[in-house]
Engineer: 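Dropping the structure in here first, questions after.
Remember, predicted model here, so these are calculated numbers, not experimental data. FYI, side chains are in, hydrogens and waters are out, and symmetry mates aren't considered; it's all heavy atoms of this structure. Letters A, B, ... are given to chains in the order of the sequence lines, protein chains preceding strands, and every chain is numbered from 1.
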Number of protein chains: 2
Amino acid sequence: MTTISPQREVTRDLVLDAALALFTEKGYFNTSVHDIGRKAHVSIGSIYHHFGDKAGLARALYSALTAHMAQRIGTLERQHGSCHDQARAVVAELFDLTESAPPVMNFMLYARHREFLPDEPPVCSSRPFAMMREMVRRGMASGEIRRMDPLIASTCLFGGPLRMITARLDALLPRPLPDYLDDTWTCAWRAVATS
Amino acid sequence: MTTISPQREVTRDLVLDAALALFTEKGYFNTSVHDIGRKAHVSIGSIYHHFGDKAGLARALYSALTAHMAQRIGTLERQHGSCHDQARAVVAELFDLTESAPPVMNFMLYARHREFLPDEPPVCSSRPFAMMREMVRRGMASGEIRRMDPLIASTCLFGGPLRMITARLDALLPRPLPDYLDDTWTCAWRAVATS
DNA sequence: GTCTATATCATGATAGAC
DNA sequence: GTCTATCATGATATAGAC
């Protein structure tokens with residue numbers, strides 16, 4: 001969200017950051033545009049000037065975050081050879097991100113976008129999720145993963161880890177997620193691995 | 001939700017059914033109390049008489065559904081001996097329920113209750129989820145499930161199946177969930193089983 | 001591009017007759 | 001217990017000066 005930041009972009013980023021924090025803390029519908037402006041020290045007029053309406057703001061946030069995540073996954077794919085290593089790196093990254101930036105994780109995979117962005121496809125159809133499914137498909141082709149419906153395989157592989165994330169966001173887990181990574185990943189991989 | 005239904009309860013059930021349908025279709029915040037009254041053919045006054053306020057209505061719905069589900073799980077526990085059979089029966093039940101009553105499933109495990117019921121604990125703390133964790137704990141004691149943090153085990157066991165449910169609710173899966181039960185369960189159980 | 005002030009409107013909730 | 005009519009609030013969004 002923060003790049004070269006010509007003055008032009010500064011306001012936008014201020015607003016997006018405030019919106020992310022408030023959406024996570026109180027939810028989209030419990031957050032008014034006034035709240036966002038107050039928190040970002042930006043006037044309502046500016047917000048509407050930049051984003052058109054409240055949904056436009058949410059949309060901008062959503063695509064910025066998923067684009068960034070897709071890019072991260074792409075990098076991890078290039079850094080690791082096997083499907084096993086790639087998928088594990090993705091889970092590790094998601095766990096780290098949950099601790100370092102809970103609101104990002106919360107908004108990206110826990111918020112019910114359908115309710116405030118009716119035209120946006122569901123999260124599981126977003127770019128990052130598609131990349132993860134594709135990763136599984138390749139692992140099946142290479143023989144690392146048992147042959148089955150790829151949709152089932154990818155849901156079973158990532159389902160556990162993803163629920164660990166939501167459990168952590170709900171404060172159900174006492175310790176930071178990376179502490180649970182080894183055990184979680186062992187279970188996840190056993191679920192679908194050939195060996 | 002429908003028992004003996006003295007006239008006293010008839011209005012309540014009418015309202016709860018309409019609310020469930022609308023909350024699922026448009027979300028809690030996009031549904032007005034007027035909408036609910038219109039759909040249930042009941043006046044606003046009656047709704048407030050019975051439920052106090054909009055959140056009270058949601059609370060009544062939430063506890064009715066989780067109570068019912070907890071009861072179903074209890075029955076399944078009694079009908080099956082091993083942890084494996086119990087847990088599989090629970091997943092089968094959840095899959096069936098997702099097809100026969102999508103709104104029930106949707107409201108129970110997909111809605112973001114925190115946003116409209118701030119005082120209610122998160123879903124994963126509800127009775128049914130607690131029962132499922134306890135089931136896993138027993139399976140670990142009896143040696144069916146590998147020794148590990150019980151919270152991780154239960155998340156890994158049920159994480160895949162639960163994500164299958166949300167995928168189906170998001171219309172990502174073309175066929176009815178029970179068609180996927182065998183493969184999903186095989187993966188889920190392998191994730192945590194000792195053998 | 002940013003601001004303040006304001007229009008408009010829908011919603012949650014209540015009053016009070018029957 | 002159910003209804004209709006109404007209130008009061010607070011939200012989204014706009015207008016128009018700077």
Side-chain angles (χ1 to χ4, degrees), chain A residues 1-23 25-62 111-113 115-120, chain B residues 1-23 25-62 111-113 115-120:
Chain A
M1 207 124 52
T2 335
T3 44
I4 359 161
S5 297
Q7 187 59 27
R8 170 91 209 294
E9 299 292 296
V10 145
T11 306
R12 276 184 70 97
D13 288 352
L14 241 38
V15 171
L16 289 173
D17 285 346
L20 175 59
L22 289 169
F23 288 168
E25 185 187 337
K26 322 196 302 172
Y28 177 85
F29 291 101
N30 293 318
T31 300
S32 74
V33 181
H34 287 270
D35 293 335
I36 298 170
R38 196 153 31 235
K39 176 144 192 158
H41 304 288
V42 161
S43 73
I44 297 235
S46 285
I47 297 181
Y48 277 93
H49 172 77
H50 281 285
F51 299 101
D53 61 4
K54 190 183 176 184
L57 173 48
R59 213 171 354 250
L61 195 54
Y62 182 71
R112 298 251 34 211
H113 308 103
E115 293 186 11
F116 52 89
L117 295 179
D119 296 334
E120 216 72 17
Chain B
M1 207 124 51
T2 335
T3 43
I4 0 162
S5 297
Q7 187 60 26
R8 168 91 210 293
E9 299 291 298
V10 144
T11 306
R12 276 184 70 98
D13 288 352
L14 242 37
V15 171
L16 288 173
D17 285 346
L20 176 59
L22 289 169
F23 288 168
E25 185 188 337
K26 321 197 302 172
Y28 177 85
F29 290 101
N30 293 318
T31 300
S32 74
V33 181
H34 285 94
D35 292 336
I36 298 170
R38 197 154 29 234
K39 176 144 192 157
H41 303 289
V42 162
S43 73
I44 297 238
S46 285
I47 296 182
Y48 278 92
H49 173 78
H50 281 285
F51 299 100
D53 60 4
K54 190 183 176 184
L57 173 49
R59 212 170 356 250
L61 196 53
Y62 182 72
R112 298 252 33 210
H113 309 102
E115 293 187 11
F116 52 89
L117 296 179
D119 296 333
E120 214 73 18

Engineer: Could you tell me whether the side chain of B/Y28 reaches within less than 4.5 Å of the side chain of B/K54, counting heavy atoms only?
Structural biologist: yes
Engineer: Please give, in whole Å, the distance from D/dA11 P to A/D53 CG?
Structural biologist: 17 Å
Engineer: Contact between B/E115 and B/F29 at the side-chain level, heavy atoms closer than 4.5 Å - yes or no?
Structural biologist: yes
Engineer: Do A/K39 and A/L22 have side chains that get closer than 4.5 Å, going by heavy atoms?
Structural biologist: yes
Engineer: Rounded to whole angstrom units, what separation is found between the CG atom of A/D13 and the P atom of C/dG1?
Structural biologist: 14 Å
Engineer: Rounded to the nearest angstrom, tell me the gap between atom CG in A/L14 and atom P in C/dT2.
Structural biologist: 10 Å
Engineer: It should be established whether A/T11 places a side-chain nitrogen or oxygen under 4.0 Å from OP1 or OP2 of nucleotide C/dT2.
Structural biologist: yes
Engineer: Would you find a donor on one side and an acceptor on the other, under 3.5 Å apart, between the side chain of A/D17 and the backbone of A/L14?
Structural biologist: no
Engineer: Can you pull out the residues from residues 32-51 of chain A that lie within a 4.0 Å heavy-atom distance of DNA chain C?
Structural biologist: A/V42, A/S43, A/G45, A/S46, A/H49, A/H50
Engineer: Rounded to whole angstroms, how far apart are CG on A/L57 and P on D/dA11?
Structural biologist: 16 Å
Engineer: Using whole Å, what does the distance between atom P of nucleotide D/dA11 and atom NZ of A/K54 come to?
Structural biologist: 9 Å
Engineer: To check you understand the geometry: which heavy-atom pair defines the closest contact between B/A18 and B/I36, and what is its length?
Structural biologist: CB-O, 4.0 Å
Engineer: Compare all side-chain heavy atoms of B/R12 with those of B/F51 and state whether any distance is below 4.5 angstrom.
Structural biologist: yes
Engineer: Give the rounded distance in Å between these two atoms: OH of A/Y28 and P of D/dA11.
Structural biologist: 13 Å
